[in-house]
Amino acid sequence: LGMRFSTDRDGPITELRYFRAAGDADDTDVRQGHLWGPNGEVLATVTFTSAPGQSGWQTAALSAPVTIAAGVQYIVSYRTENNFALSLGFFDPAREVSFDGLDNNAFSDPLGVINAPQTTAGVYAYGSTPVMPNVTYGAFNYWADVTFTTSSEENLSAAASADDFLISLSFLDQSNE
């Protein structure tokens, strides 16, 4: 399960995230997360380990940042064999302008740095081994996410719950670290 996205500038991805709903938090979960390149290659892999009772955004840092290129589509995903959060119709084109105030055929963070395409942002795949998800259905959001670091003056961390109508993209200002 994952999300297709692009950025408006080059920069590093430092973390992968997925949203674990409270209804899925009754056991220990160990899940793999992947960052996929534009040609289907795995750019990074992480392991999420969530304890019983742990819900909300599950975050795993990459062992080394992965620099991505502006204007190129990537996919962030996590692998699960059972429970997952989703929002039907989240990436519906009818919601795009009211979501971010921009008529650019994409759902964007408040600064317009990271974009998820209308209708086809939420992706999934079936398989017993990791495979890049590329099937879409119902403009679903499967609540997978990245932390993208920008070196500009922007400093925003917009973590959303599954009830919010925000793409939960996080930005860190390198100059403040």
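Heavy atoms only: backbone and side chains are in, while hydrogens, waters and symmetry mates are out.
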May I ask you to check whether S108 and N115 show a side-chain donor-acceptor distance below 3.5 Å?
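On atom types as modelled, these side chains qualify, holding a pair under 3.5 Å.
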
Please answer: with hydrophobic residues joined when any side-chain heavy atoms are less than 4.5 Å apart, are [X] and [Y] in the same cluster?
| X | Y | value |
| --- | --- | --- |
| Y78 | W57 | yes |
| L102 | F99 | no |
| V135 | Y142 | yes |
| I75 | V66 | no |
| F19 | V76 | yes |

Reported [atom1]-to-[atom2] distance for the pair [X] and [Y], which is rounded to 0.5 angstrom:
| X | Y | atom1 | atom2 | value |
| --- | --- | --- | --- | --- |
| I68 | I13 | CD1 | CD1 | 4.0 Å |
| E15 | T59 | CD | OG1 | 5.5 Å |
| T80 | D24 | OG1 | CG | 6.5 Å |
| L62 | L43 | CG | CG | 10.0 Å |
| L86 | N141 | CG | CG | 8.5 Å |

Quick check against the 3.5 Å criterion: does [X] have a side-chain atom that pairs as donor or acceptor with the backbone of [Y]?
| X | Y | result |
| --- | --- | --- |
| D92 | A139 | no |
| Y18 | F48 | no |
| Q58 | G56 | yes |
| R4 | P117 | no |

Between [X] and [Y], is any pair of side-chain heavy atoms under 4.5 Å apart?
| X | Y | value |
| --- | --- | --- |
| P93 | T119 | yes |
| V123 | M3 | no |
| V46 | Q32 | no |
| Y124 | Y137 | yes |
| T28 | S50 | no |

Closest heavy-atom contact between [X] and [Y]?
| X | Y | answer |
| --- | --- | --- |
| R17 | T147 | CD-OG1, 3.9 Å |
| Y74 | P38 | CE2-CD, 3.7 Å |
| N104 | E96 | OD1-OE2, 2.8 Å |
| A144 | S77 | CB-CA, 4.5 Å |
| P133 | A125 | CA-CB, 3.6 Å |
| A85 | A21 | CB-CB, 4.4 Å |

If you count heavy atoms of other groups shown closer than 6.0 angstrom to CD of E81, is the number above 12?
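Not more than 12 within 6.0 Å, no.
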
Applying salt bridge (Lys or Arg N to Asp or Glu O under 4.0 Å) to D26 and R20, what does each step give before you reach the verdict?
CA-CA 11 Å; D26 61 347; R20 186 180 191 205; 5.6 Å; no

Salt-bridged, R79 to D29, with N to O below 4.0 Å?
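Not counted as a salt bridge, because no side-chain N and carboxylate O are separated by less than 4.0 Å.
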
Taking the ring centre of each residue, are F90 and W143 less than 6.0 Å apart?
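When the ring centroids of F90 and W143 are compared, they turn out to be within the sub-6.0 Å range.
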
Test side chain to side chain contact (heavy atoms under 4.5 Å, CB included) on R31 and T47 and set out the steps.
CA-CA 6 Å; R31 297 181 179 179; T47 299; over 6 Å; no

Mind telling me whether W36 and H34 have parallel, tilted or perpendicular rings, with 30° and 60° as the class edges?
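Ring orientation of H34 relative to W36: tilted.
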
